[in-house]
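Just so it is clear: chains get the letters A, B, ... in the order the sequence lines come, proteins before strands, and each one is counted from 1. Everything numeric here is computed off the predicted structure, so don't read it as measured data.
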Protein chains: 2
Amino acid sequence: MSRVFKALSDPTRRRVLELLREGPLSAGELAEHFNVSKPTMSAHFAVLREADLITSEKRGKSVLYHLNMSVLEEALMGFAEVFGLDVSVKTRIGAAHRDGASS
Amino acid sequence: MSRVFKALSDPTRRRVLELLREGPLSAGELAEHFNVSKPTMSAHFAVLREADLITSEKRGKSVLYHLNMSVLEEALMGFAEVFGLDVSVKTRIGAAHRDGASS
DNA sequence: ACATCATTTAGATGATTAGCTAAGTATCTA
DNA sequence: TAGATACTTAGCTAATCATCTAAATGATGT
């Protein structure tokens with residue numbers, strides 16, 4: 001739980017998660033959106049991976065990062081519950097999810 | 001936003017908020033629940049105040065701390081929205097809210 | 001005024017953090 | 001095998017963090 005909030009406490013990392021919401025992206029593609037060095041980005045990815053908010057997958061030369069939505073959801077839910085708040089998945093009517101994963 | 005998540009990234013501070021959920025408590029009363037020195041607790045209070053998650057009120061010799069529920073709510077809402085999540089106030093049927101604030 | 005109680009400020013320390021450059025590891029392609 | 005491409009690891013620095021003890025502030029009570 002602390003790890004998740006720690007991860008979320010950095011704007012760059014929050015933005016990374018936001019970008020991944022639309023679908024998986026490579027480390028390089030993600031890095032293009034920020035004005036910091038690749039190694040710095042790599043460190044941010046590591047923090048997010050530690051918190052289990054993202055997962056990585058080797059794809060040829062690249063590394064694809066996926067958002068772990070369920071972890072984000074559950075962390076927020078678990079925390080919110082204590083304060084009498086409900087976290088639920090917003091129903092986006094007609095939202096087509098372009099998700100490359102199998103099935 | 002970063003300030004809120006940073007504040008939430010420490011378990012002691014999360015627990016302080018949780019304790020304040022039941023109603024205002026003095027610095028000393030709060031400190032009793034933890035195994036750290038008073039000055040350390042005072043520093044934690046400062047972080048929470050910076051994030052506007054709590055407010056302080058002088059009451060005689062003591063300082064009363066109040067939870068700023070609306071700020072917590074709005075921060076969580078604002079963040080969750082980006083990820084297609086809804087945060088709402090849990091309806092606690094029959095919950096008498098002992099809260100002096102007007103409407 | 002003085003002592004006491006409640007809390008914060010000052011000042012120090014060791015650990016962690018975000019950032020960098022330079023070097024290392026994999027993978028592809030010629 | 002050599003070169004290029006995509007990332008990560010190593011190693012550094014400056015800043016922030018959580019913690020402590022000791023001292024300062026502020027309010028109450030005698």
Side-chain angles (χ1 to χ4, degrees), chain A residues 1-20 22-68 72 75 79 100, chain B residues 1-20 22-68 75 79:
Chain A
M1 179 87 112
S2 288
R3 237 184 290 261
V4 169
F5 282 121
K6 193 77 83 79
L8 295 181
S9 75
D10 184 280
T12 297
R13 290 192 291 259
R14 283 199 305 274
R15 183 78 182 120
V16 165
L17 295 180
E18 209 175 313
L19 288 167
L20 290 178
E22 300 302 318
L25 289 171
S26 71
E29 288 171 324
L30 284 168
E32 278 175 12
H33 292 79
F34 303 90
N35 273 328
V36 296
S37 70
K38 300 286 189 66
T40 296
M41 286 308 295
S42 201
H44 282 308
F45 300 148
V47 171
L48 290 168
R49 225 185 304 109
E50 287 281 308
D52 207 29
L53 287 167
I54 62 174
T55 56
S56 60
E57 179 200 357
K58 260 227 182 98
R59 272 289 205 155
K61 273 187 289 189
S62 306
V63 174
L64 268 194
Y65 282 107
H66 302 255
L67 174 60
N68 224 337
L72 183 61
F79 173 74
Chain B
M1 178 89 110
S2 289
R3 236 185 289 261
V4 170
F5 282 121
K6 191 75 83 80
L8 296 181
S9 74
D10 185 279
T12 298
R13 290 191 292 257
R14 283 198 305 274
R15 182 81 183 116
V16 166
L17 295 181
E18 207 175 315
L19 289 167
L20 290 179
E22 300 302 317
L25 290 171
S26 72
E29 288 171 325
L30 284 167
E32 278 174 11
H33 291 79
F34 302 90
N35 274 327
V36 296
S37 70
K38 300 286 189 69
T40 296
M41 286 308 295
S42 201
H44 282 306
F45 300 149
V47 171
L48 290 168
R49 226 184 304 108
E50 287 281 308
D52 207 30
L53 287 166
I54 62 175
T55 56
S56 59
E57 177 200 359
K58 260 225 182 99
R59 271 290 206 157
K61 272 188 289 190
S62 305
V63 174
L64 269 194
Y65 282 107
H66 302 254
L67 174 59
N68 223 336
F79 172 74

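Here D:dA6 presents its C1' atom at 14 Å from CE of A:M41, a figure rounded to the nearest Å. Atom NZ in B:K38 sits about 13 Å away from atom P in D:dC20, given to the nearest Å. Rounded to whole Å, atom C1' of D:dA18 lies 14 Å from atom CZ of B:F45. In this structure, A:E50 places its CD atom 11 Å from P of D:dT9, rounding to the nearest Å. In this structure, the NZ atom of A:K61 is 15 Å from the P atom of D:dT8, given to the nearest Å.
Here the nucleotide nearest the side chain of B:P39, chosen from D:dG26, D:dT8, D:dC20, is D:dC20. Side-chain proximity of A:V63 to D:dA18, D:dG26, D:dC7: nearest is D:dC7. Of the candidates D:dA22, D:dA18, D:dT8, D:dA18 carries the atom nearest the B:D10 side chain, counting heavy atoms from C-beta on. In the set D:dT21, D:dC7, D:dT19, the nucleotide with an atom closest to the side chain of B:S37 is D:dT21.
Listed pair B:H44 / D:dT19 meets the phosphate criterion, a side-chain N or O lying under 4.0 Å from OP1 or OP2. For the OP1/OP2 pair of D:dT19 and a distance below 4.0 Å, the side-chain nitrogens and oxygens of B:T40 include no atom meeting the criterion. Within the 4.0 Å cut-off from OP1 or OP2 of D:dC17, at least one side-chain nitrogen or oxygen of B:K6 is found.
Once you apply a 4.0 Å limit to the heavy atoms of chain B, the touched nucleotides of DNA chain C run 5' to 3' over C:dC5 to C:dT9.
Residue B:S26 is classed as a sugar-phosphate contact, given heavy-atom separations below 4.0 Å to backbone atoms only. Counting non-hydrogen atoms under 4.0 angstrom, B:S62 reaches the backbone sugars and phosphates but no base. Contacts of B:R59 with the nucleic acid, taken as non-hydrogen atoms under 4.0 Å apart, are absent. Using a 4.0 Å heavy-atom cutoff across all strands shown, B:F34 reaches no nucleic acid atom at all.
If you find the closest nucleotide of DNA chain C to A:R13 and to A:K58, the one lying nearer the 5' end belongs to A:R13.
Residue B:R3 places its CZ atom among 12 or fewer non-hydrogen atoms of other residues, nucleotides or ligands, all under 6.0 Å distant.
The closest side-chain heavy-atom distance from A:T40 to A:H44 is below 4.5 Å. Side-chain contact check for B:F79 versus A:L72: some heavy-atom pair is nearer than 4.5 Å.
Note: A:F34 CZ to A:R13 CZ = 11.0 Å, rounded to the nearest 0.5 Å. Expressed to the nearest 0.5 Å, how far NZ of B:K6 lies from CD of B:E50 amounts to 11.5 Å.
Between A:V16 and the options A:D10, A:L30, A:L25, A:V47, a side chain to side chain contact (heavy atoms under 4.5 Å, CB included) holds for only A:L30. The only member of A:L8, A:I54, A:L67 that meets side chain to side chain contact (heavy atoms under 4.5 Å, CB included) when paired with A:L48 is A:I54.
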